[in-house]
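In what follows, every chain begins at residue 1, and chains take the letters A, B, ... in the order their sequences are listed.
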Amino acid sequence: MIGIYVHIPFCESKCIYCAFASFVRDENFQDRYFEYLNKEIKNCNFPDREVASIYFGGGTPSCVSEKQIVKTLQTIKSAFHVLPEAEITIECNPCSASLEKLKAYHSAGFNRVSFGVQSLNDKMLKFLGRRHTKAQALAAIENAKRAGFDNISADLLLGLPKGDIQNDAKILLRSGVKHISAYMLQIEDGTRLKGMVERGEIKLPDDDAVVKKYQKLTDFLQKNGFLQYEISNFALKGFKSKHNYAYWTGQAYLGFGLGAHSFDGGFVRWANADNFEDYFLGKQNKEVLSSSQRDEEVIMLGLRCDAGFRLDALNASISEKPIFKKYVQDNILKVQDGIIRLNSKYYNVSNSIILHLID
Amino acid sequence: MKNIRNFCIIAHIDHGKSTLADRLMEQTGSVASRDMQSQLLDSMELEREKGITIKLTPTRMNYTFNGEQYILNLIDTPGHVDFTYEVSRSLAACEGAILIVDASQGVEAQTLANAYLALDAGLEIVPVINKIDLPSARVEEVKKEIEDVVGLPADDAPCISAKEGTNINQVLQKIVTDFPPPKGDDKAPLKCLVFDSFYDNFKGAVCLIRVFDGVIKAGDNILFMQTGRKYEVTEVGIFNPKMQQTKSLSAGEVGYVCASIKSVADVHVGDTITHEERPTLTPLPGYKVVQPVVYCGVFCVDGSKYNELKEALLKLKLNDASLQFSPEVSQALGFGFRCGFLGLLHLEIITERLEREFNLDIITTAPSVSYKVLKTNGEELEISNPASLPSPVEIDKIFEPIVKASIFTPPAYVGSVMQLCQDKRGEYKNMVYLDANRVRLEYSLPLGEIIYDFFDKLKSLTKGYASFDYEMDGFAPSKLVKLDILLNGEKCDALSLIVHEDSAYARGRAITEKLKTIIPRQLFEVPIQAAIGNKIIARETISALRKDVLAKCYGGDITRKRKLLEKQKEGKKRMRQIGSVEIPSEAFLSILKLDDDK
């Protein structure tokens, strides 16, 4: 079983914090892109054809013509065997996802929609360079429900200078959202945000304040029946994202489109070029992992989420390492039936713990 | 012999000593212009970079003046207080000294200190004013400074530009006319001064010598009068500037002697070489056994490189008899060596050479001096590693090394220099006004107080005008305590210091504050404590790490994440584990730099 990721690298505008492969391009260019993208999917000869999840991400998939999206999904369906219970997600921007578009997605087979809400504070949305407002975000969720979607997710950003993320979550829960991703705002290289922070034009809250908010949000969501199944992801029972789980648990996945990443489920990872010119030439980067690199990944990914990792999945055992024993003793790591999980209380410092374990 | 001139060049740092040496060699044809590598004498890369000369390299030049052939032997000298003894032995090999003064900067601290050293050695001094090509050159004023401050006539001092090669010939003429020829008797029993040595892979230890009386040649049986060692001479020669074998070296000459000596440690600078069969009655005066004055622990950041560190130290020792080391085990830093040095500069040079020439990543612990400890059970110990000091209840008395320090300063800074000496627990001995511009202060100071930052502070207080010299003056009892640093309740042996009781509290506070800024936050709260015995005297707390999350894992780009993790893993190699606390290697030296931040 595999997952499929499709990258739609287009946006109506670039947000200040975004470091992803996304560009503002006209329709002609987009058509050319989709033509190549569909060809790429058709030509793929990866041996495993059973698809358990599909994810259209970006960029902003909802900002391009819904016809292209539907056609691409159909291409996948005819090239692969998409399981009937497969999770098929599309990422949407609240202002470009009209009722018509959402209806078209739903009838084409999409069964999960993920909205980039980020905040319900209009000032903050404007500051981030988002094109929608709180009202539009809530309207988009209503439209998704009317279009037939039940599995609706919303992204929120932690660490903004203003706004009340817990209150935002409360409103979203009331609106019927079943899944929330709460990411900590990162200052990435090459973003406008980085320049603003460096020039002192904007001051972001410090780590302690961000973590406090993160922990309060976690408590709130858990009280409301949301399970924290990964550092940044929360879901009601039955609504965990299967696609993301595939990344964290070492399943194979294929990425199509600009800069998309793939993994064969063993030791090989490859990625498409992240500029259009090379992408259209079919250029890829391939990497064969050493067994110790693969172990690092298993630990790094497993400890991010409630799946954990199996001790016997590692090529080199870590169970005799003093630091491992100490973490188990201190209840930082939990051991159950040969599976190691990170105590969720330590998600906020997971990187340090992972670093010690792979050392 | 009357046509030989043995001389050295002395100067304040950066006044152009090495450049002038290069020009003299060039003008006398000792080395062809096109082969000139700038500053030929400062051969070691590190020396060239720091602009200081550590190792002495003599050279012989031929010069014709008024139709007569002269042999000029230039003996270079290191210019740092760590190497005062070596300088004094080099000076003892000469009859004259060229004192270079920068035409724009004028007389400076080391100008004076070096001039006094040369006068003490009974040398004839010829002042030379250098860098006259600079727009800021003030030749007449500088001449007056030399006369007023140093007390040397400077009326007919050559005014040169070593950089551009201007008036170099005047310097050569002065060497011939002003410096006396060596005195000595070829027929008398052999008497040679060893003023330096170095190691040659084929010849073994090579002794640099000045012959005072007699003749030395290959096949001679010689005796080192101070060490009592005996050898057969295999080769003698001169520096041209490369080693060139000669039949013999006679009274007045400067050159080298090889005698199948295994290590430079067997050759003591200042020793007298004589013939075994017909020895001289009295050895040359001024001999001292050089002992390390500063000790510190040297460890590899990567603990598995212990053997490489050992090899490197052995190689350095081949050419540096004053370097001492013995194995040391630290709980915090693992296996390493306790090393002894002549001073802080020597320490710095050795550790830098370990890093550069041997590609080792080094951690050094705080420098310490050697203390004498009398235990309550009557046992006597010598301690150069604070970690090995017994607990306070076992100690009856501690004695610390004392130095007799003399400081030359312009009168305007006397107040601040006295304050500094007092802060460093100095005991005032004497003050002499040498002239309108110079005061000599004499203090008795604990060596442990001056190895940290005394020299730096003295320089900054006096705008670089003070010069400072010291000699060891025995041991004195003192109220010293061991200051331990505890991280999360565990003692970190590599951070222990021996300090005076009165400054322990302030030091403890300063160190804990400093460590708080250097040690990164950990998964748990980390108390940093300073303690004397069981008594905690200062405490800071590093709060627990709150946030350390790798960015969101988008679109399955695991590679980027793993690479980020691997980079962080690489950075972690520079961390040391003390119990459950990780501390960066910089922490071990940072406690020395407490004062810089204030």
Within-4.5 Å side-chain heavy-atom neighbours: I353(A) and Y346(A): yes
Between E230(A) and R304(A), does at least one N-O distance fall below 4.0 Å, as a salt bridge requires? yes
Side-chain donor-acceptor pair under 3.5 Å between N315(A) and S292(A), yes or no? no
Should the pair R294(A) and F267(A) be classed as cation-pi, given the thresholds of under 6.0 Å to the six-membered ring centre and 45° from the axis? no
Bottom line for L523(B): the part with an atom under 4.5 Å from chain A's heavy atoms is side chain
Validation row, ring centre Y306(B) to ring centre F337(B) under 6.0 Å: yes
So for Y347(A), is it side chain, backbone, both, or neither that comes closer than 4.5 Å to the heavy atoms of chain B? backbone
Per-residue tally against chain B (heavy atom, under 4.5 Å) across I231(A), D207(A), V349(A) peaks at V349(A)
For chain B, which candidate among N351(A), N285(A), D330(A) shows the most heavy-atom pairs at distances under 4.5 Å? N351(A)
Is S543(B) in contact with chain A via its backbone, its side chain, both, or neither, using a 4.5 Å heavy-atom distance? neither
For F256(A), enumerate each residue passing the ring pair (Phe, Tyr, Trp, His ring centres under 6.0 Å) test, keeping only those at least two apart in sequence or located in another chain. none
Taking every heavy-atom pair that is under 4.5 Å apart, which of Q215(A), K212(A), H243(A), Q293(A) has the most such pairs with chain B? Q293(A)
I need the residue from D548(B), L565(B), T559(B) with the largest number of non-hydrogen atom pairs under 4.5 Å to chain A. D548(B)
Decide, yes or no, whether a salt bridge links R338(B) with E328(B) under the criterion of side-chain N to carboxylate O below 4.0 Å. yes
Only pairs of heavy atoms separated by less than 4.5 Å count here; which of R562(B), K569(B), Q522(B) has the most with chain A? R562(B)
Heavy-atom distance under 4.5 Å to chain A: side chain of E582(B), backbone, both or neither? side chain
Between H179(A) and Y229(A), is there a side-chain donor-acceptor contact under 3.5 Å, judged purely by atom types and distance? yes
Region of I323(A) that comes under 4.5 Å of a non-hydrogen atom in chain B: neither
Interface moiety of Y253(A) toward chain B, non-hydrogen atoms closer than 4.5 Å: side chain
